[in-house]
Protein chains: 2
Amino acid sequence: MDPKAQARLQQMVEKLKAQRFRITPQRLAVLEILVESDSHPSVETVYAQVRKRFPTTSLATVYKTVTLLKEMNEVLELGFHNTANRYDALKPYPHPHVICTQCGKILDPPLEGAHGLAQEMSRKTGFLISSHRLDFYGICPDCQRRG
Amino acid sequence: MDPKAQARLQQMVEKLKAQRFRITPQRLAVLEILVESDSHPSVETVYAQVRKRFPTTSLATVYKTVTLLKEMNEVLELGFHNTANRYDALKPYPHPHVICTQCGKILDPPLEGAHGLAQEMSRKTGFLISSHRLDFYGICPDCQRRG
DNA sequence: GTAATTGCAAATGGTTTGCAGCATC
DNA sequence: GATGCTGCAAACCATTTGCAATTAC
């Protein structure tokens with residue numbers, strides 16, 4: 001495992017332990033898979049990976065761990081109403097995404113123009129803003145080539 | 001009905017007729033309610049309003065009309081994975097929103113900083129971007145006051 | 001030993017679908 | 001009169017929940 005993922009994993013494990021949550025083999029596997037993937041996997045995808053190591057793991061268990069991490073702000077949930085939610089444990093805070101509507105690929109390149117937007121919105125409306133969603137939908141270069 | 005809503009309604013009716021869709025009383029009621037509300041109503045909300053005029057209307061009919069309008073790009077769908085979708089027939093193109101996580105209020109004030117974001121994202125990633133979602137979540141002034 | 005977690009199966013909830021009867025054009 | 005629409009009920013599907021058995025600490 002690369003050092004960055006390793007460090008992030010350790011960070012999450014410690015936070016769980018600190019709050020007296022238990023580190024079961026299934027749960028640890030979910031964490032490992034999350035920190036090793038930069039593809040913003042769905043629960044179903046994580047589940048498939050976990051089962052390679054622990055074939056008896058249930059989908060509900062993966063959902064429960066992911067939900068727990070979300071509540072601890074250790075994973076960012078990208079919810080979609082017409083398809084499965086996707087998760088990001090590497091950058092568990094709001095940031096811009098580009099999403100390919102054909103293959104489902106999700107990338108999160110830095111967007112200069114995105115800074116200060118929440119502040120501008122807050123100033124204009126008086127809302128106390130706690131999070132946001134900056135998603136751009138389109139066709140990725142790969143899918144453009146494929147036609 | 002205010003002139004702006006009236007004009008928008010006419011526009012949508014003409015577009016439907018042009019494509020040989022029928023203007024039934026239920027469908028017209030859905031259109032009227034949509035152009036009269038700037039609150040980004042849910043299907044359920046539209047349904048409740050429609051039933052005041054046509055008590056036998058079914059929820060499925062409202063869903064079907066809204067889906068039709070969405071496919072014709074005459075309504076903007078704001079999909080949410082953990083609550084009902086909301087619809088905007090007045091500005092049926094992507095634009096920024098602030099959403100109160102307490103009362104569900106949705107506003108769409110102009111955001112200067114939002115211009116050119118899609119272009120920047122496209123330039124940086126090579127994606128062919130067709131739509132986007134700029135949502136800010138927080139507590140509205142009313143709910144802040146209520147505590 | 002105790003309290004949390006697992007895994008199963010059933011429930012949830014917003015949305016979609018199939019289809020017979022009806023209404024618009 | 002033909003075609004599209006309505007309304008009902010059933011299906012969908014990602015996610016959540018209840019609970020008895022198991023396991024981490």
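Computed over heavy atoms, backbone and side chain alike; hydrogens, waters and symmetry mates excluded. Quick note on labels: first sequence line is chain A, next is B, and so on, each numbered from 1. The structure presented is a predicted model; accordingly, all values stated were derived computationally and were not measured.
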task = Starting at the 5' end of nucleotides 12-21 of chain D, put B wherever the base has a protein heavy atom under 4.0 Å, S where only the sugar-phosphate does, and a dash everywhere else.
result = --SBBBB---
query = What one-letter contact string describes nucleotides 20-25 of chain C from 5' to 3', where B marks a base within less than 4.0 Å of any protein heavy atom, S marks contact via sugar-phosphate atoms alone, and - marks no contact?
reply = ---BBS
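For B/Thr61, a side-chain nitrogen or oxygen approaches OP1 or OP2 of D/dG7 to under 4.0 Å. Taking 4.0 angstrom as the limit, A/Ser58 places none of its side-chain polar atoms (N or O) nearer than this to OP1 or OP2 of C/dT6. Under 4.0 angstrom from either OP1 or OP2 of C/dT5 there lies at least one side-chain N or O belonging to A/Arg27.
Counting any heavy atom pair closer than 4.0 Å across all strands shown, A/Ser42 reaches no nucleic acid atom. Heavy atoms of B/Thr56 sit under 4.0 angstrom from primed sugar atoms or phosphate atoms, though from no base atom.
Contacts of A/Lys64 classified as salt bridge (charged side-chain N to carboxylate O under 4.0 Å, His left out), with partners at least two apart in sequence or in another chain: none. Qualifying salt bridge (charged side-chain N to carboxylate O under 4.0 Å, His left out) partners for A/Asp38, counting only residues two or more places apart in sequence or in other chains: none. Contacts of B/Glu74 classified as salt bridge (charged side-chain N to carboxylate O under 4.0 Å, His left out), with partners at least two apart in sequence or in another chain: B/Arg8, B/Lys15.
The list of ring-ring contact (aromatic ring centres under 6.0 Å, His included) pairs with a residue in residues 29-75 of chain B, not counting sequence neighbours, reads B/His40-B/His97. Pairs passing the salt bridge (Lys or Arg N to Asp or Glu O under 4.0 Å) check and including a residue from residues 127-141 of chain A, sequence neighbours excluded, read A/Arg133-A/Asp135.
By the 4.0 Å N-to-carboxylate-O rule, B/Glu77 lies too far from B/Arg86 to be salt-bridged with it.
Remark: nothing in residues 45-55 of chain B comes within less than 4.0 Å of DNA chain D through any heavy atom.
Residue A/Gln26 places its side chain closer to C/dT6 than to any other of D/dC5, C/dT6, D/dG7.
Between A/Gln19 atom CD and D/dC25 atom P the separation is 15 Å, expressed in whole Å.
Using cut-offs of 30° and 60° on the angle between ring planes, the pair A/Tyr137 and A/Phe80 is perpendicular.
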N/O donor-acceptor pairs under 3.5 Å from side chains in residues 113-120 of chain A, not counting sequence neighbours:
unit_1	atom_1	unit_2	atom_2	d
A/His115	ND1	A/Glu112	O	3.1
A/Glu120	OE1	B/Gly113	N	3.1
A/Glu120	OE2	A/Lys124	NZ	2.8
A/Glu120	OE2	B/Glu112	N	2.7

Donor-acceptor pairs are to be reported for all side-chain atoms of residues 19-31 of chain B against protein atoms at under 3.5 Å, with residues two or more places apart or in another chain.
unit_1	atom_1	unit_2	atom_2	d
B/Arg20	NH1	B/Lys17	O	3.3
B/Thr24	OG1	B/Arg27	N	3.1
B/Arg27	NH1	B/Arg22	O	3.0

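Without hydrogens or angle criteria, B/Thr125 side chain to B/Phe127 main chain gives a donor-acceptor distance under 3.5 Å. Between the side chain of B/Thr61 and the main chain of B/Thr57, no donor-acceptor pair closer than 3.5 Å is present.
End-to-end axis angle of the helix from C/dG1-D/dC25 to C/dC25-D/dG1, using five pairs per end and rounding to 10°, comes to 40°.
B/Ile139 belongs to a hydrophobic cluster with A/Leu128, counting contacts under 4.5 Å between side-chain heavy atoms of Ile, Leu, Val, Met, Phe, Trp and Tyr, direct or through other members.
Of all non-hydrogen atoms in B/Val66 and B/Val75, the two that sit nearest each other are O-CG1, 4.0 Å.
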